2 protein chains.
Amino acid sequence: MELVSTERPVRLADARTSAALAAANPTISDVARLAGVSKKTVSRVINDSPQLRIETRKRIELVIAELGYVPNLQARSLATGRNSLIGLIHDNPNSQMILGVQQGILEAIRETDFALVIRPVDRGSPGMMDDVRRFLDRQRLYGVMLLPPISENDELAQHCAELGCRYVRMGSAPLDDDAHSVSSNDAEAVAEATRHLIGLGHRRIGLIAGPHGFRSAAERRVGFLAALAEAGVTLPPGMTVRGDYRFDSGIAAASRLLDQMPPPTAILACNDEMAAGALHAARQRNLTVPRDLSIVGFDDTSTAAHVWPPLTTVRWPIQAMGRSAARKLLAGSEPRMDGVTQPSVLPSELVMRASVGPPAMS
Amino acid sequence: MELVSTERPVRLADARTSAALAAANPTISDVARLAGVSKKTVSRVINDSPQLRIETRKRIELVIAELGYVPNLQARSLATGRNSLIGLIHDNPNSQMILGVQQGILEAIRETDFALVIRPVDRGSPGMMDDVRRFLDRQRLYGVMLLPPISENDELAQHCAELGCRYVRMGSAPLDDDAHSVSSNDAEAVAEATRHLIGLGHRRIGLIAGPHGFRSAAERRVGFLAALAEAGVTLPPGMTVRGDYRFDSGIAAASRLLDQMPPPTAILACNDEMAAGALHAARQRNLTVPRDLSIVGFDDTSTAAHVWPPLTTVRWPIQAMGRSAARKLLAGSEPRMDGVTQPSVLPSELVMRASVGPPAMS
DNA sequence: TTGTAGGCGTTATCAT
DNA sequence: ATGATAACGCCTACAA
């Protein structure tokens, strides 16, 4: 403890510089005083108001730089009634999804004053809705982005609207009108993957579907069935089982599929985790992938690339969705932001890797 | 455009209730007026001030509930000079790490008014420091948590201190004094893993180290070498190679190790991604894991559990670290929060799975 | 093009 | 135990 030290010693020599008049955290008043203008004029400078004599602006900008002045966002929020925070509300999706969407959002808000607030919620718990409501009430965010599966909750979207909080819902298919929705087209993506399998000659294709109540699960299943119907392929019974999007359920589901007689020559799992589980199940039965069994996943997480053999999978455009959703939210918040209309439906892509091949002769 | 509609129609019938006097977003003034007290008294209620007649408090709480009044955090920030946002600054670590630490932090701030703001930065870019500084300047966070590897940047910590922003640095070993650091003990964790291999009879153990400049890489290497020295094991040359923590580098590094004559009977990779790469390399050479080669990873990401065979690995306590770091940051922010001192060093754990076994006879 | 006055919703100071 | 008044730093009206 050094008794003689002071946190900001007064430096007398500084009297020659204008900085000596300013505080540690200079405010708009400090800038105004030093520049010899009113606060309002400084305000115009920091808000890029066009009606300003260029020379006045220059002078003020100089003072701002000299002082290291930074506008106080809290004060601005208070005055304008809207703050510069956008929220991401999600419910336990996988980590790659979270990271991807966060990166997309951050691309969109780079160069703005917006910051991203994260809020995971517990979809299952009874207090969830109160919890979210409380969060929205207190933080008064500019807007929020809802990640699936919680984005599918209409009541939540309703809440946001009532609270005057802008929102954009993300999903596997449009969940709302264009202004409030950004989605992929999972049905089509899975249909494409299924056509790929059919094109290679597969006719007995097992589906490991996602859990009941998930829109993504429903969409993917629809796409699967549509592609089969389109090709005139009829599946024997027992070729569709449900998993819960987790690894272990993939093992169990694949085991059930492989117990069928005859077993499928290919399995399409509705996410990569379950596809990885299917791979395990195949290995347990000494099946070689893709010789004895082809496997397709969904999401293109890093797991897909790292298992053996690397998984053919559908790349889910989560990052682009995050970017688009954030831009949609921010459209209108700043003059330059509402130029281009953001897409509401983003394309997926089939990523071919080594887990798929033609069926063995039978 | 419906010209006659008003957003909040005045409902005359409501005159009987006190609510009719309040606005859509009631403020502390509304509460004060309706309760017949001053704003300050209401402020005391919402801030749990002890000096209040219990009956006054009850009355005010009733009005608050009736009105659905929620304090405006922005206004409070302005008045108190500190806001209720804490930040997480990170630089491209893997997604599980991000999710884990976020969950830990959110456990800690649950039931408080704090919210979590995420800020990824680009460590490599020249403008990184300016970028972070700008972020801290503008958002004026209550405090920030620094995730490795960016947490190892002393200049950044210095910046935070100068800006008056509280901070806690997370890492593989203490990076700062106890008040500003939460870490694991990676050296010890790797030493334990190495002892495990030695105990099984391995003597030629290859190390796939992490990239230069990462504290975690240095710590893990130290632990490895320490355990060998402790057991009197001398490694032939060429048994240590460096990767960059990514899957592909794991393949390359393992290939180089397996090219040695004689090759190692076990490989310790400094993270799971590289360990998964080593698994690929082994498969390419038709080696069976663990019969021909044992492999150990680090982190215990989901990849570790999903590859074949499942990886023995070190569980890195990232979630607990996040929780502890957030609590440390918040200690003192509220009376009830600074009760228990938070741990600064958290234990790791060796997770035994199927990728390790005794060396084959040779 | 620039300035003045007032308000945003809260807490702090100093009263009573 | 409670209240009046003045910040906090910015922005919006309106005025000049």
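By convention in this document, chain letters (A, B, ...) are assigned in the order of the sequence lines, proteins followed by strands, and residues within each chain are numbered from 1. For clarity, every value in this text was computed on a predicted model and none was experimentally measured.
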Can you measure [X] atom [atom1] to [N] atom [atom2] for me and round it to whole angstrom units?
X       : N       : atom1 : atom2 : result
R138(B) : dG9(D)  : CZ    : C1'   : 14 Å
Q74(B)  : dG7(C)  : CD    : C1'   : 17 Å
R33(A)  : dC10(D) : CZ    : P     : 13 Å
R82(A)  : dG9(C)  : CZ    : P     : 16 Å
L73(B)  : dT11(C) : CG    : C1'   : 13 Å
N83(A)  : dC8(C)  : CG    : C1'   : 14 Å
D48(B)  : dA1(D)  : CG    : C1'   : 17 Å

Listed nucleotide nearest any side-chain atom of [X], set [options]:
X      : options                  : answer
N72(A) : dG9(C), dG9(D), dC11(D)  : dG9(D)
V37(B) : dG3(D), dT1(C), dG3(C)   : dG3(D)
L52(A) : dG3(C), dT2(C), dG9(D)   : dT2(C)
K40(B) : dC14(C), dG9(C), dT11(C) : dT11(C)
L78(B) : dC8(D), dC11(D), dC14(C) : dC8(D)

Partner of R133(B) under side chain to side chain contact (heavy atoms under 4.5 Å, CB included), picked from D131(B), L136(B), D137(B), is D137(B)
side-chain contact (heavy atoms from CB on, under 4.5 Å), that's the test. Do T56(B) and R44(B) meet it? Break it down for me. CA-CA 11 Å; T56(B) 310; R44(B) 289 192 176 100; over 6 Å; no
Compare side-chain N and O positions of [X] against OP1 and OP2 of [N] and report whether any pair is under 4.0 Å apart.
X      : N       : result
T27(B) : dG9(C)  : no
S29(A) : dG9(D)  : no
T41(B) : dT2(D)  : no
S43(A) : dC10(D) : no
N47(A) : dC11(D) : yes
R76(A) : dC11(D) : yes

Using a distance-only criterion (donor-acceptor N/O pair, under 3.5 Å, no hydrogens), is the base of dG9(D) paired with the side chain of R140(B)? no
Checking all strands, does [X] fall into the base, sugar-phosphate, or nothing category for heavy-atom contacts under 4.0 angstrom?
X      : result
I60(B) : nothing
T56(A) : sugar-phosphate
I28(B) : base

Examine distances only and state if a side-chain atom of S77(A) and a backbone atom of L73(A) form a donor-acceptor pair shorter than 3.5 Å. yes
Judged by modelled atom types alone, do S344(A) and K328(A) share a side-chain donor-acceptor pair under 3.5 Å? yes
Closest nucleotide of DNA chain C for G36(A) versus for K39(A): which of these residues is on the 5' side? G36(A)
Pairwise 5' ranking along DNA chain D for T80(B) and R44(B), keeping only the more 5' one: R44(B)
Among K58(B), R57(B), R53(B), salt bridge (Lys or Arg N to Asp or Glu O under 4.0 Å) partner for E55(B): R53(B)
Closest non-hydrogen atom pair between T27(B) and Y69(B), with its separation: C-CE1, 3.5 Å
